[in-house]
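Shown next, in structure tokens, is the structure this report addresses.
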Amino acid sequence: MPSFSNESDARWMHVALDQAKRGVGLTSPNPPVGAVIVSHGKIIGQGFHHKAGQPHAEIEAIKDAQTYNPKLLPGSTIFVTLEPCCTQGRTGPCTEAIKACGIKRVVWGARDPNPNHQGRAQEILTHAGITVSTGILEVECQELIRPFTKWITTGIPYIIAKAGQSLDGRITRPPGEGQWITSEAARAHGRRLRSRVDAILVGAETIRQDNPQLTLREGASPDKEQPYRVILSHSSRLPETAHVFTDEFKHRTWVIKDLTLLQVLAELGARGVTSVLIEGGASVLGQAFEAQVVDEVHWYIAPRISGAGLPSVGGPGLTQSVELKNVKIMPMGDNVCITGQPVWPQKPVTTP
């Protein structure tokens with residue numbers, strides 16, 4: 001019976017995680033997954049899931065090994081960031097492909113969060129005489145699929161809230177001054193968040209006042225599809241000449257009227273949107289925090305006192321403050337970005 005080292009397993013799982021990160025923002029409604037195949041202490045195949053409907057990470061890694069190291073594939077070990085799928089979907093079950101190619105050990109990090117599938121891969125593979133090890137770098141692997149986990153278990157997309165504000169908590173400057181609060185470096189950093197999500201959500205007033213493009217910019221993968229631009233409106237008073245209605249991505253602009261934020265998010269989730277970036281304005285951000293649906297915060301703060309204007313979180317006011325965990329503080333020149341995850345009561349998200 002071969003012996004296995006947790007340290008060695010962690011080493012290879014880190015490689016699989018690096019592969020998986022290459023698919024972040026590209027695989028929806030599937031999660032990003034990476035895989036690496038090892039034989040005699042060396043990598044013989046690796047890959048990641050590129051896009052929904054295309055081969056999963058395990059299949060990519062097996063194809064890689066079959067191309068360059070076919071003789072070493074039988075008896076090898078595959079390391080996967082997520083429990084392999086075991087059902088027929090747009091692609092075949094990875095458990096069958098693993099069995100067919102002669103792999104003798106399967107190691108994964110995160111369990112499949114889908115309650116209909118969780119744990120089935122271990123039963124299938126063990127029954128086939130394949131050794132299974134689970135929970136290797138589990139925290140890191142689960143973190144990578146947080147958006148998918150929320151969507152598959154609640155039907156509600158993963159929500160990133162973003163704002164740029166002055167030191168006194170304002171997102172607008174006094175009349176007659178320029179539009180921007182934060183620096184170009186901070187704004188560019190914030191725009192890169194768009195490459196992670198399926199949709200960008202704003203209120204109608206943001207379209208009227210700022211006429212934003214809400215498009216992918218520098219650094220985005222050429223394989224990344226333009227996120228949907230979702231506009232919440234209580235009326236039809238939206239400028240027809242706005243960028244979101246006239247540019248090359250106008251077909252990916254949705255205007256949703258007379259629904260609560262939770263109803264909107266449930267509708268997006270039903271359409272296969274697994275992640276949403278809320279870019280404003282103050283009212284929409286206030287609704288999101290009050291509904292306790294925000295999963296991740298990116299707050300950009302500039303060394304400016306506005307003295308007037310809209311608060312970054314608007315509406316009637318929150319009934320309780322929001323604490324963040326896993327906080328990171330990133331200086332950006334003379335601006336700063338604070339990121340973290342809101343700490344919410346442990347209760348399921350429901351629509352009204």
Side-chain angles (χ1 to χ4, degrees), residues 13 16-37 45-64 78-98 106 108-122 124-125 134 137-138 140-160 193-200 216 220-228 252 265-277 295-296:
M13 191 61 72
L17 276 166
D18 287 341
Q19 285 288 314
K21 290 172 184 176
R22 297 173 64 184
V24 170
L26 306 178
T27 62
S28 185
N30 294 344
V33 181
V36 58
I37 302 175
Q46 57 188 326
F48 66 98
H49 185 37
H50 292 252
K51 185 177 181 179
Q54 294 185 9
H56 289 185
E58 298 93 320
I59 307 304
E60 292 283 3
I62 290 171
K63 287 166 56 180
D64 189 35
I78 186 168
F79 295 82
V80 193
T81 56
L82 178 65
E83 177 182 349
C85 69
C86 56
T87 57
Q88 177 70 46
R90 281 184 277 189
T91 59
C94 289
T95 49
E96 294 304 308
I98 289 170
V106 181
W108 65 76
R111 294 179 298 171
D112 190 333
N114 187 335
N116 295 323
H117 301 159
Q118 190 177 99
R120 291 182 61 189
Q122 183 164 3
I124 292 169
L125 294 171
T134 67
L137 299 187
E138 183 174 11
E140 293 91 333
C141 292
Q142 287 179 340
E143 180 67 22
L144 190 67
I145 61 167
R146 288 184 77 224
F148 175 77
T149 297
K150 182 184 180 184
W151 174 73
I152 200 67
T153 57
T154 69
I156 302 295
Y158 183 87
I159 306 300
I160 302 174
L193 293 171
R194 296 172 184 172
S195 66
R196 292 176 49 193
V197 300
D198 300 335
I200 303 165
L216 298 172
S221 167
D223 298 323
K224 171 64 178 176
E225 205 168 16
Q226 167 64 38
Y228 291 106
R252 295 183 70 80
L265 296 178
E267 173 66 20
L268 293 178
R271 296 188 190 190
V273 172
T274 65
S275 54
V276 173
L277 173 63
D295 301 285
E296 187 176 323

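Computed over heavy atoms, backbone and side chain alike; hydrogens, waters and symmetry mates excluded.
Between Glu58 and Cys94 the shortest heavy-atom distance is OE1-SG, 3.6 Å. The minimum heavy-atom distance linking Leu17 with Glu140 is given by the pair CD1-CB, 3.8 Å. Considering all non-hydrogen atoms of both residues, Val33 and Ala57 come closest at O-CB, 3.3 Å. Contact detail for Phe148 and Asp112: the closest heavy-atom pair is CE2-OD1, 4.4 Å. Here the closest non-hydrogen pair linking Gln54 and Thr91 is O-CG2, 3.5 Å. In terms of heavy atoms, Thr149 sits closest to Pro113 at OG1-CG, 3.5 Å.
Of the possible polar contacts, none joining the Glu296 side chain to the Ile159 backbone as a donor-acceptor pair under 3.5 Å is found. His49 places no side-chain N or O within donor-acceptor distance of the main-chain N or O of Gly34, the cut-off being under 3.5 Å. For Lys224 (side chain) and Val197 (main-chain N/O), a donor-acceptor pair under 3.5 Å exists by modelled atom type. Within the 3.5 Å criterion, the main-chain N or O of Asp198 finds a donor-acceptor partner in the side chain of Ser275. Between the side chain of Lys150 and the backbone N or O of Pro157 there is at least one donor-acceptor pair closer than 3.5 Å. Here the side chain of Ser221 pairs a donor or acceptor atom with the backbone of Asp223 at under 3.5 angstrom.
Here the CD1 atom belonging to Ile98 is positioned 5.0 Å from the CD1 atom belonging to Ile78, to the nearest 0.5 angstrom. We find the CG-CH2 distance between Leu137 and Trp108 to be 15.5 Å, quoted to the nearest 0.5 Å. For the atom pair SG of Cys141 and CZ of Arg111, the computed distance is 13.0 Å after rounding to the nearest 0.5 Å. Atom-to-atom distance recorded for Cys86:SG and His117:NE2 is 6.0 Å, nearest 0.5 angstrom. Taking CD from Glu225 and OG from Ser28, the interatomic distance works out to 10.0 Å, rounded to the nearest 0.5 Å. Here OG1 of Thr95 is found 4.5 Å from CD1 of Ile124. Values are rounded to the nearest 0.5 Å.
Residues meeting the side chain to side chain donor-acceptor pair (under 3.5 Å) test with Gln46, sequence neighbours left out: Gln19. Every residue two or more places apart in sequence or in another chain that forms a ring pair (Phe, Tyr, Trp, His ring centres under 6.0 Å) with Phe48 is listed here: His50.
The closest side-chain heavy-atom distance from Val276 to Leu268 is below 4.5 Å. At a threshold of 4.5 Å between non-hydrogen side-chain atoms, the residues Leu26 and Lys51 do not count as touching.
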Go through the steps to decide whether Arg196 and Ile160 satisfy the test side-chain contact (heavy atoms from CB on, under 4.5 Å), and finish with yes or no. CA-CA 10 Å; Arg196 292 176 49 193; Ile160 302 174; 3.7 Å; yes

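Using a 4.0 Å cut-off between charged side-chain N and carboxylate O, Arg120 and Glu83 make no salt bridge.
When each of Thr274, Ile145, Val273 is checked for a side chain to side chain contact (heavy atoms under 4.5 Å, CB included) with Trp151, only Thr274 meets the rule.
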